[in-house]
Student: 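One structure coming up, written as structure tokens, with questions to follow.
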2 protein chains.
Amino acid sequence: MDEQIAQDSTPIFQRIKDYLLGEIASGRWKEGDLVPSEQALVRQFGVSRMTVNRAVRELTAEQVLTRRQGSGTYVAPQKYQATLVEIRNIADEVRARGHVHASHPRLLEQSPAGETLARQFELEPGTPLFHSLIVHDENGRPIQVEDRWVNPACAPAYLDQDFARITPNEHLMEAAPLQGATYSIEALPAPREVAEMLGIGTGTSCLVLKRRTTSGGRVASVVTMWHPGHLYKFTGSVG
Amino acid sequence: MDEQIAQDSTPIFQRIKDYLLGEIASGRWKEGDLVPSEQALVRQFGVSRMTVNRAVRELTAEQVLTRRQGSGTYVAPQKYQATLVEIRNIADEVRARGHVHASHPRLLEQSPAGETLARQFELEPGTPLFHSLIVHDENGRPIQVEDRWVNPACAPAYLDQDFARITPNEHLMEAAPLQGATYSIEALPAPREVAEMLGIGTGTSCLVLKRRTTSGGRVASVVTMWHPGHLYKFTGSVG
DNA sequence: TAGTGGTCTAGACCACAGC
DNA sequence: CTGTGGTCTAGACCACTAT
């Protein structure tokens with residue numbers, strides 16, 4: 001009655017996960033189908049309930065299964081086209097490609113918040129903010145314009161940093177532990193100032209990433225990153 | 001010596017997770033720091049080791065901690081700027097906004113693979129492929145051009161579908177369980193044909209998502225999705 | 001009421017790292 | 001050698017669902 005429990009070192013809970021995943025991948029169990037109960041799997045594999053529970057619980061956390069107390073365990077709805085894109089910071093990314101990253105600070109100032117910025121930071125208009133404008137190079141070629149505004153309450157020493165040596169990112173990581181972020185990715189024509197810094201024509205398509213991060217209950221940073229569309233793309237894989 | 005274990009219904013393992021997360025979020029424990037051992041947490045909380053183990057194991061799976069057998073548990077390196085972007089399919093996304101989604105198939109054909117496509121599909125040039133070109137509307141306004149090539153071996157009935165009624169995505173979900181995907185996001189000027197279908201000017205900045213999906217060890221689908229840059233953005237949040 | 005999942009215990013044996 | 005994490009057991013009590 002037991003499944004063949006080989007002598008290999010694969011943990012039992014992992015073998016149960018593999019079994020369940022196999023039934024789903026093969027199509028034998030489809031979306032919404034009832035999966036054997038923990039008791040049934042305990043009998044099938046001849047193991048304790050905690051072991052079965054771990055396998056099923058992890059697959060539930062991985063969104064492969066859904067569970068309803070008192071009812072049962074079911075195959076979760078598939079999300080065929082859902083894509084998870086991971087965007088890392090530009091310095092790490094360039095170095096990961098084996099290329100040379102360089103930062104060129106173009107502006108570092110304190111400036112009062114306008115209406116739009118004040119709303120984004122949830123502060124009163126006129127509140128002083130820190131502002132940096134940095135061009136990032138990959139092998140000597142401009143690849144990103146980073147236009148960042150920072151809440152002085154979160155990173156009081158921001159303006160004292162040498163941003164040719166460390167990135168704003170690295171400083172903020174130390175000063176203000178990240179709590180959460182909202183972001184958007186869009187395609188916009190380069191305005192004149194950005195185009196000049198990137199060495200491209202005004203109006204060239206740019207990949208624009210905007211991020212707003214919070215730390216300790218406050219909005220810490222609002223940043224817009226411009227990348228030349230023909231030189232830069234976000235890439236990755238899942239599965 | 002116990003932590004205050006309140007009468008609330010929060011599971012113990014969750015309270016331990018919250019405690020560990022709090023120490024990290026507050027900055028008291030920093031990247032690379034040694035975290036108390038399971039034994040220490042067992043004594044601190046007065047619970048069994050399995051309960052502590054679950055808390056720490058789950059935080060490890062969530063990339064908050066790293067563990068080394070025989071050594072200890074450490075605070076994982078923070079990824080301040082790492083952003084996880086989830087991209088859903090266009091139909092779900094439009095409906096989630098409470099808007100009306102409509103599909104307009106513009107082309108549905110079988111066509112031999114050229115060199116580029118053959119390489120992407122890992123097939124011989126000249127192998128027949130299915131090809132669809134669909135315009136997706138949000139509230140009657142074109143928002144995406146979906147240019148998709150499909151491996152007939154993975155979805156033999158692809159050309160028989162009514163893509164005004166169901167999306168290619170929905171059909172492929174049934175026909176070819178997803179195994180993995182690679183993708184890229186870039187900003188490109190709209191070519192004339194795409195611009196006409198989107199009702200925008202040729203050369204307008206577009207947000208372009210390319211995906212290549214595999215199923216059952218084969219490349220199932222290669223798709224390029226064009227979105228008008230001023231109308232469409234990927235958005236989301238983390239934390 | 002019987003079956004399901006959600007959680008927890010108090011042990012156990014093992015592999016591995018560091019001293 | 002001791003201490004660490006990795007896994008597993010054989011029970012237990014509870015809340016919830018379906019009948």
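What you see is a predicted model, and the numbers here were worked out from it, not measured in a lab. Every heavy atom of this structure was used, including side-chain atoms; hydrogens, water molecules and symmetry mates were not. We name chains A, B, ... by the order of the sequence lines, and we start the count at 1 in each one.
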Student: Under 3.5 Å, is there a donor-acceptor pair between the A:Asn53 and A:Arg57 side chains?
Tutor: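 There is such a pair between these side chains.
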
Student: Are the side chains of B:Val94 and B:Val100 in touch, meaning some heavy atoms are under 4.5 Å apart?
Tutor: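 No; the side chains remain at least 4.5 Å from each other.
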
Student: So, is B:Arg68 close to the C:dC16 phosphate, meaning a side-chain N or O under 4.0 Å from OP1 or OP2?
Tutor: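 Checking B:Arg68 against C:dC16: no side-chain N or O falls below 4.0 Å of OP1 or OP2.
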
Student: For A:Arg57 and C:dC8, what is the distance between atoms CZ and P respectively, to the nearest whole Å?
Tutor: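 The answer, rounded to whole Å, is 10 Å.
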
Student: Would you say C:dT4 has OP1 or OP2 under 4.0 Å from some side-chain N or O of A:Thr73?
Tutor: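 Answer no for this pair, as no side-chain N or O of A:Thr73 is under 4.0 Å from OP1 or OP2.
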
Student: Verify the contact: side-chain N or O of B:Arg67 to OP1 or OP2 of D:dG6, cut-off strictly under 4.0 Å; return yes or no.
Tutor: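 It does, given that an N or O in the side chain of B:Arg67 lies less than 4.0 Å from OP1 or OP2 of D:dG6.
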
Student: Figure out the CE/P separation between A:Met50 and C:dT9, and round it to whole Å.
Tutor: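 Rounded to whole Å, this separation is 10 Å.
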
Student: Starting at CD1 of B:Ile16 and ending at C1' of C:dT7, how long is that distance when rounded to a whole Å?
Tutor: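 About 12 Å, once rounded to whole Å.
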
Student: Quick check: do B:Gln120 and B:Trp149 have side-chain heavy atoms less than 4.5 Å from each other?
Tutor: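 A side-chain contact under 4.5 Å is absent here.
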
Student: When you check the phosphate oxygens OP1 and OP2 of D:dG5, does a side-chain N or O of B:Ser71 lie under 4.0 Å from one of them?
Tutor: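 It does not, given that no N or O in the side chain of B:Ser71 lies less than 4.0 Å from OP1 or OP2 of D:dG5.
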
Student: Which nucleotide in the set D:dG11, C:dA10, D:dC8 lies at the smallest distance from any side-chain heavy atom of B:Ser48?
Tutor: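 Closest nucleotide to the B:Ser48 side chain: C:dA10.
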
Student: Ring centroid separation for A:Phe163 and A:Tyr158, is it under 6.0 angstrom?
Tutor: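 Between A:Phe163 and A:Tyr158, the centre distance is under 6.0 Å.
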
Student: Does D:dT7 have OP1 or OP2 under 4.0 Å away from a side-chain N or O of A:Arg54?
Tutor: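 Checking A:Arg54 against D:dT7: at least one side-chain N or O falls below 4.0 Å of OP1 or OP2.
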
Student: Atom CG of B:Asn53 and atom P of D:dC8: how far apart are they, to the nearest Å?
Tutor: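 Value for this atom pair: 11 Å.
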
Student: For a quick check of understanding: with a heavy-atom distance under 4.0 Å over all strands, which category does A:Arg49 fall into, base, sugar-phosphate or nothing?
Tutor: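 If one applies the 4.0 Å heavy-atom cut-off, A:Arg49 turns out to touch a base.
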
Student: To the nearest angstrom, how far is A:Leu65 atom CG from C:dT4 atom P?
Tutor: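 In whole Å, C:dT4 P and A:Leu65 CG are 16 Å from each other.
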
Student: Please state how far atom CD1 in B:Ile12 lies from atom C1' in D:dC14, giving the value in whole angstrom units.
Tutor: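 Checked: the CD1 to C1' distance equals 13 Å.
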
Student: Tell me the interatomic distance from B:Glu38, atom CD, to D:dT7, atom C1', rounded to whole angstroms.
Tutor: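 Taking CD of B:Glu38 and C1' of D:dT7, I get 11 Å after rounding.
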
Student: How many Å lie between CZ on B:Phe45 and C1' on C:dC8, as a whole number?
Tutor: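 From B:Phe45 CZ to C:dC8 C1': 15 Å.
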
Student: Report the nucleotide, chosen from C:dT7, D:dA10, D:dG5, that has the shortest atom-to-atom distance to any side-chain atom of B:Ser37.
Tutor: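 In terms of side-chain proximity for B:Ser37, the closest of C:dT7, D:dA10, D:dG5 is D:dG5.
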
Student: Hey, are the side chains of B:Arg54 and B:Glu58 touching, using non-hydrogen atoms and a 4.5 Å cut-off?
Tutor: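 B:Arg54 vs B:Glu58: side chains touch.
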
